[in-house]
Amino acid sequence: MTERPRPSLTLDVEASPGAVRLRVAGELDYDTSDQFVERFQECLEADPTLRELALECAGLRVCDSMGVSSLLLVHRGTSARGIRLSLENPPAFLSRILYVTGTGHLFGVAADGARGQAGRAEEGPRPAGEPYRSFPPSAPSG
């Protein structure tokens with residue numbers, strides 16, 4: 001059996017007094033989410049006066065449910081310490097995930113998923129007469 005190479009995640013830190021920009025690139029998923037949370041913890045420990053954390057996500061290629069969970073852990077950690085958290089340049093797929101999960105507001109992502117024309121084109125047109133549903137239809141009762 002061939003071992004699958006471990007997905008890569010690059011985390012670069014730019015720090016200034018009271019502020020950190022964490023550049024997240026690659027794959028934020030099951031295999032790398034612990035690494036992401038650990039780097040976040042290191043940033044907190046390095047500057048006890050931290051007031052602002054920016055997550056630069058332009059280089060992010062993948063984010064699965066564990067990636068979203070780790071983003072929520074970071075949000076919880078910053079909120080508990082009164083640190084302002086922002087998500088910068090999220091790729092369209094990440095904006096869409098945060099929109100669908102109802103968590104975009106925690107990261108400053110617009111209520112419509114901030115997809116723009118490119119994101120709408122990816123989804124394609126809705127079939128004529130099909131109502132818009134933001135969640136799966138409820139199961140029939142009975």
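These values consider heavy atoms only, across backbone and side chains, with no hydrogens, waters or symmetry-generated copies.
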For E14 and S16, indicate whether the former's side chain and the latter's backbone hold a donor-acceptor pair under 3.5 Å. no

For residues [X] and [Y], determine if any side-chain heavy atom of one lies less than 4.5 Å from a side-chain heavy atom of the other.
| X | Y | value |
| --- | --- | --- |
| V74 | L53 | yes |
| L71 | L94 | yes |
| N89 | E56 | yes |
| L28 | S70 | yes |

Looking only at non-hydrogen atoms, find the nearest pair between [X] and [Y] and report the distance.
| X | Y | answer |
| --- | --- | --- |
| A19 | D47 | N-OD2, 4.2 Å |
| C63 | V68 | SG-N, 3.7 Å |
| D64 | Y30 | OD2-N, 3.1 Å |
| T32 | E27 | OG1-O, 2.6 Å |
| P90 | C57 | CA-CB, 4.1 Å |
| V13 | C43 | CG2-SG, 4.0 Å |

Stepwise side chain to side chain contact (heavy atoms under 4.5 Å, CB included) check, L22 with L11: CA-CA 6 Å; L22 183 57; L11 300 166; 4.1 Å; yes

Quick check on R51: does its CZ atom have over 12 non-hydrogen neighbours (other residues, nucleotides or ligands) under 6.0 Å away? yes

Same cluster (ILVMFWY, side-chain, under 4.5 Å), V37 and L50: yes

Going only through I, L, V, M, F, W and Y residues with side-chain contacts under 4.5 Å, is there a path from V62 to M66? no

Rounded distance (nearest 0.5 Å) linking atom [atom1] of [X] with atom [atom2] of [Y]:
| X | Y | atom1 | atom2 | value |
| --- | --- | --- | --- | --- |
| Q35 | T10 | CD | OG1 | 8.0 Å |
| F93 | R96 | CZ | CZ | 13.5 Å |
| S79 | R84 | OG | CZ | 12.5 Å |
| L98 | L87 | CG | CG | 6.5 Å |

Side chain to side chain contact (heavy atoms under 4.5 Å, CB included) between L106 and L85, intermediate numbers included: CA-CA 8 Å; L106 301 175; L85 176 64; over 6 Å; no

Step by step, work out the side chain to side chain contact (heavy atoms under 4.5 Å, CB included) result for D31 and L9. CA-CA 9 Å; D31 292 322; L9 178 68; over 6 Å; no

Please assess F40 against L73 for the test side chain to side chain contact (heavy atoms under 4.5 Å, CB included), listing each intermediate value before the final yes or no. CA-CA 10 Å; F40 162 69; L73 282 171; over 6 Å; no

State plainly whether the residues E52 and R21 are in salt-bridge range, i.e. N to O under 4.0 Å. no

